Amino acid sequence: MSVTAFSYTSFAQQVIFGAGSLARLGEAVARLGWQRVLLCTSGSAQRNGHAAQVQEALGTRLVASYDGVQPHVQDFQVAEALTLAEARQIDAVIGLGGGSPIGMAKAVSRALEEKQTNKPAPATSPITQPPIPVCAIPTTYAGSEMTAVYGITHHTEGTARKVTVNDPRIAPKLVLYDPRLTLALPPELTASSGMNALAHCVEGVYSITRHPLSTAAALEGLRAMVRALPRCYDSPNEIEARTEMQLGSHLAGLALASVAMGLHHGLCHVLGGTVGVPHGIANAIVLPHVMRFNADVCTPELAQVAEAMGIPRSSRDDDTLALEAANSMLELVAELHLPMRLRDVGVKENDLPHLAELAAQSRTVQNNPKPIESAAQIKGLLREMW
Ligand code: NAD
């Protein structure tokens, strides 16, 4: 049944999209009045010259760089970047790279406010402005640039646990997409972060909080990315394919930003935060299984996903289409030569019960449209993926 009542939050963001748009960064930052900017990046942005391009665009407005951002936003790195941000008295922070540097920029924005006010960041309404605004320049398809969320990995007593933080103020105020920055993205990262973006669309389409705009964005994102992703994988330097892929990932991020994700995302967070599975790889392994798991409850929505993926309806009913969407996603994962089983990415069989227990406590997992009854049910699903 189509949605007849809904509620969602959107954010005031300036989005600049297009090949060569990095050249507009300086003018955009000047217009926003940011004078003392911190840049958060990972090693790849240093190696392929993107950090230098940002430096050139910002000139003296760039007062500090935190260069070595590791995956999954590590708490000790946030503390280091915070020290730098305080010492240099920054008034804005840029995340350049994948979801991890962008998440780091959001974490620094929030941590700095807490430090400056000496109290926990308050609950805020969507229209409250941030003390330290965030700018995001994505170089993968992960989608964090559009959202008010980051995951931070806390290390306590020898265990790691990734926790999600949600605050409307950390939604990047300036988002600059330059598909040229994705030309250097290696095939495996292209494929795996592309799977992440596809997952945003799939979970967006059947989300328990979906609304007309999120569904439209998610379906259009799927159409674009199913076409573009194999082309980007096979011909990384093709700017048209890279542009279509980044457009799809923008639409995926737009959907992600305003709806609740479900079981798939909850499992990927646990796999990343607890056993270190790279986020995109976790997405590739988990997505087809969760689509099949959800198919009996989300049948019409997954049938829409199938059609957006290019599967002709012909005389098929929704039940058939929903399962074909899951099969087609699995075929895409194989075509992109991504890992297909948890055992292939270092997860041990005896990790599964603990992972299932953690996942069962996740709010994201509890938001799955098909109710999750127990940790044992999740363990069974993880066993299938293993
Ligand atoms: P990532 O940011 O962890 O980066 C993975 C690797 O890709 C790094 O080694 C990086 O150096 C390299 N890389 C990035 N861009 C590159 C380029 N153009 N060329 C060459 N190498 C490049 O990976 P990701 O998949 O972008 O992001 C995953 C993280 O983001 C996870 O922690 C995930 O939880 C988070 N995430 C958050 C949201 C959100 O809404 N907050 C959404 C999606 C993902």
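Computation of the quantities below employed the complete heavy-atom set of this structure, encompassing side-chain atoms and omitting hydrogens, waters and symmetry-equivalent molecules. Note that this is a predicted model, so its numbers are computed, not measured. First listed ligand is number 1; within each ligand, the first listed atom is number 1.
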Review point. Do T147 and K106 have side-chain N/O donor and acceptor atoms under 3.5 Å apart?
Key: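 Distance-only check passes for T147 and K106.
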**Study point:** Between N196 and S193: side-chain donor-acceptor atoms closer than 3.5 Å
**Key:**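 The criterion, which ignores hydrogens and geometry beyond distance, is not satisfied for S193 and N196.
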Write out the residue and atom name of the closest protein heavy atom to [atom], then the distance separating them to 0.1 Å.
atom                    : result
atom 17 (C) of ligand 1 : L185 CD1, 3.5 Å
atom 7 (O) of ligand 1  : L189 CD1, 3.2 Å
atom 14 (C) of ligand 1 : T140 CG2, 3.4 Å
atom 23 (O) of ligand 1 : G99 N, 4.1 Å
atom 43 (C) of ligand 1 : A142 O, 2.9 Å
atom 15 (N) of ligand 1 : T139 OG1, 2.7 Å
atom 11 (O) of ligand 1 : S44 OG, 2.7 Å

Using a strict 4.0 Å cut-off to heavy atoms of [X], name the atoms of ligand 1 that fall inside it.
X    : answer
T147 : 39 (C), 40 (O), 41 (N)
V149 : 39 (C), 41 (N)
S42  : 10 (C), 11 (O)
G98  : 2 (O), 26 (O)
N196 : 43 (C), 44 (C)
L256 : 40 (O), 42 (C)
L181 : 18 (N)

Review point. Taking 4.0 angstrom as the limit, do E220 and R223 come out as a salt bridge?
Key: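 Looking at R223 together with E220, the answer is yes, because their closest N to O distance falls below 4.0 Å.
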Practice item. Look at R383 together with E349 and state whether they make a salt bridge at an N to O cut-off of under 4.0 Å. Key: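 Looking at E349 together with R383, the answer is yes, because their closest N to O distance falls below 4.0 Å.
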Review point. Given W386, which of I285, L355, L342, D351 fulfils the side-chain contact (heavy atoms from CB on, under 4.5 Å) condition?
Key: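 The residue from I285, L355, L342, D351 that satisfies side-chain contact (heavy atoms from CB on, under 4.5 Å) with W386 turns out to be L342.
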Check your understanding: Strictly under 6.0 Å, is that where the ring centroids of H269 and H279 end up?
Key ->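 Yes, the ring centres sit under 6.0 Å apart.
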From [atom], work out which of [options] has a heavy atom at the shortest distance.
atom                    : options               : answer
atom 1 (P) of ligand 1  : G68, S100, S249, A171 : S100
atom 37 (C) of ligand 1 : G97, S144, P236, A197 : S144
atom 32 (O) of ligand 1 : H279, R47, K162       : K162

Point to revise | Exercise check, heavy-atom protein proximity under 4.0 Å to atom 34 (O) of ligand 1 | key: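 Yes, there is one.
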Point to revise | Sub-4.0 Å protein heavy atom next to atom 4 (O) of ligand 1 | key: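 Under 4.0 Å from atom 4 (O) of ligand 1, zero protein heavy atoms found.
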Under 4.0 angstrom from ligand 1, any heavy atom of [X]?
X    : value
P101 : yes
G272 : no
G43  : no

Review point. Do any N/O atoms on H50 end up under 3.5 angstrom from N/O atoms on ligand 1?
Key: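 No, H50 has no N/O under 3.5 Å of an N/O on ligand 1.
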Sidechain-backbone polar pair: [X] side chain, [Y] backbone, donor-acceptor under 3.5 Å:
X    : Y    : value
R88  : R36  : no
T182 : P179 : yes
N367 : A260 : no

Practice item. For residues V93 and A105, report the shortest heavy-atom separation together with the two atoms involved. Key: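 Looking at all heavy atoms of both residues, the shortest contact is CG1-O, 3.4 Å.
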Review point. Does the side chain of L302 come within less than 4.5 Å of V305's, by heavy atoms?
Key: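 With C-beta onward as the side chain, the pair touches.
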Point to revise | Q53 CD to R180 CZ distance, which is reported to the nearest 0.5 Å | key: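 If I round to the nearest 0.5 Å, the distance is 9.0 Å.
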Check your understanding: Should the proximity of A257 to ligand 1, defined as any heavy atom under 4.0 Å, be assigned to the side chain, the backbone, both, or neither?
Key ->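 Neither part.
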Check your understanding: Do H265 and H200 pass the ring pair (Phe, Tyr, Trp, His ring centres under 6.0 Å) test, and can you show the C-alpha distance, the side-chain angles, and the key distance before you say yes or no?
Key -> CA-CA 8 Å; H265 276 81; H200 296 148; 5.0 Å; yes
Practice item. Mind telling me whether H155 and F76 have parallel, tilted or perpendicular rings, with 30° and 60° as the class edges? Key: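 F76 and H155: tilted rings.
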